[in-house]
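Shown next, in structure tokens, is the structure this report addresses.
Please read these numbers as outputs of a predicted model, since none were measured by experiment. Throughout, a chain's letter reflects where its sequence line sits, starting with A, and its residues are numbered from 1.
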Protein chains: 2
Amino acid sequence: MRQDSRLSRMLHVLIHMGHHDGALTSDMIAKMLDTNPVVIRRTMAGLREKGYVASEKGHGGGWTLSRPLSELTLLDIYRAVGEPSVFAVGPAYDMPGCVIEQGVNATLKDVFAEAEQLLLKRFAGVTLADIAPDFAPPAAKNEAEAKGCRSD
Amino acid sequence: MRQDSRLSRMLHVLIHMGHHDGALTSDMIAKMLDTNPVVIRRTMAGLREKGYVASEKGHGGGWTLSRPLSELTLLDIYRAVGEPSVFAVGPAYDMPGCVIEQGVNATLKDVFAEAEQLLLKRFAGVTLADIAPDFAPPAAKNEAEAKGCRSD
DNA sequence: ATTTCACGTAACTTATGTTGTTTCGAAACT
DNA sequence: AGTTTCGAAACAACATAAGTTACGTGAAAT
């Protein structure tokens, strides 16, 4: 199954924003992630609705964080990008009127629900400041950030 | 994200097979699941490779269980249908040369791995005989099985 | 005031993977 | 021989994330 990378990408962007002075434009972000500015705006829109980021038009405009990385959890971002379901597998339909299918669905639902709860619980316990921990001390990869994160 | 229903469907089929004398043809199974016999053969092929079911051609042929439901776990079936990844979300790429992206990927990888392990552990603990538990005692839904599980 | 920058949005295309369908061949029973 | 049933290839249908193009809006710089 194809994997949805919106969560991963937004985390990447937000942490960069947290270590960057001033606004980042959609174009800059798109280059960082090797994609298109429209894709960025589309995904960032969810974060803006939640109040995690703000966007400004015109000269000097772009995207800025509305709160520090330490006050944003993985769960916040996960919800903001609006993932419909964490799992790529699941029941076929719900309730086709067969006892066996109902049993199968009930069992799978339980197991998946438990795994999802664990996942969300872990998400809630990790702030964006916790990711990429050894960032402040040295200076080697501040260059990397400055050059836009792509290797080319 | 569209969900992969192969696991769910195969569980459904296998449990039916466990409560059925004689072989079930792909056509019968397809009608049960309201789908196509070719889809059934395609998915059952994975189970046959693992030795969980056997297929016979010609008159009186079809699919039969090679071992009792109590000796098949959700994990067995999950692996047999060859799910590549349980999750619909995941990292964008692996290792694009950016410290932040690496941190994001590492964090997500950890969290997802933990949830997957829990999932697989639960899968391993449930046999197909454990699903649809109240099957033997009464008789009401043996009719349902007899009529092929679909309501139409 | 005009130009330029940058987001906002709609519409369309592309890519990928499951599912659905058709078709032909092979094997086995009647 | 004829019918049943699986095996496998090939192709269409469908859904969704991602990529792309195009045009509009608002804000700052000149």
Name the atoms and distances for all side-chain donor-acceptor pairs under 3.5 Å in residues 56-77 of chain A, with sequence neighbours left out.
{"residue": "W63(A)", "atom": "NE1", "partner": "S26(A)", "partner atom": "OG", "Å": "2.9"}
{"residue": "R67(A)", "atom": "NH1", "partner": "E71(A)", "partner atom": "O", "Å": "3.2"}
{"residue": "T73(A)", "atom": "OG1", "partner": "L75(A)", "partner atom": "N", "Å": "3.3"}
{"residue": "T73(A)", "atom": "OG1", "partner": "D76(A)", "partner atom": "N", "Å": "3.1"}
{"residue": "T73(A)", "atom": "OG1", "partner": "D76(A)", "partner atom": "OD2", "Å": "3.2"}
{"residue": "D76(A)", "atom": "OD2", "partner": "T73(A)", "partner atom": "N", "Å": "3.0"}

Can you see if the side chain of R41(B) gets near the phosphate of dG7(D) - specifically, an N or O under 4.0 Å from OP1 or OP2? no
Does T127(A) form a side-chain hydrogen bond (donor to acceptor under 3.5 Å, both in side chains) with D130(A)? I'd like the steps, not just the answer. CA-CA 5 Å; T127(A) 75; D130(A) 299 330; 3.2 Å; yes
Cluster companions of L118(A) among Ile, Leu, Val, Met, Phe, Trp, Tyr (side-chain spacing under 4.5 Å): L118(B)
Under 4.0 Å between a side-chain N or O of S5(A) and OP1 or OP2 of dA17(D)? no
Those residues that, when tested against N36(A), pass side-chain contact (heavy atoms from CB on, under 4.5 Å) (two or more places apart): V38(A), V39(A)
Could you note down all residue pairs passing salt bridge (Lys or Arg N to Asp or Glu O under 4.0 Å) where residues 120-129 of chain B supplies at least one of them, sequence neighbours left out? E114(A)-R122(B)
So does R42(B) reach the base of dT21(C) with its side chain, donor to acceptor, closer than 3.5 Å? yes
Could you state the atom-to-atom distance from CE of M10(A) to C1' of dA17(D) in whole Å? 13 Å
Whole-Å distance separating the CD1 atom of I40(A) from the P atom of dA18(D): 10 Å
Let's see if you get this right: which residues in residues 46-62 of chain A place a heavy atom under 4.0 Å from DNA chain D? K57(A), G58(A), H59(A)
From dT19(C), dA17(D), dA6(C), pick the nucleotide closest to the side chain of T25(A)? dA6(C)
Identify every side-chain donor-acceptor pair in residues 48-55 of chain A under 3.5 Å, counting partners at least two apart or on other chains, and give the distances.
{"residue": "R48(A)", "atom": "NH1", "partner": "S55(A)", "partner atom": "OG", "Å": "3.3"}

For R6(A) and dG19(D), give me the distance from atom CZ to atom P, rounded to whole Å. 12 Å
D27(A) has an atom CG; how far is it from atom P of dC7(C), in whole Å? 7 Å
Nearest-nucleotide 5' precedence on DNA chain D, S26(B) against V38(B): S26(B)
Taking the minimum atom-to-atom distance to the side chain of R9(B), which one of dG7(D), dT19(C), dG19(D) wins? dT19(C)
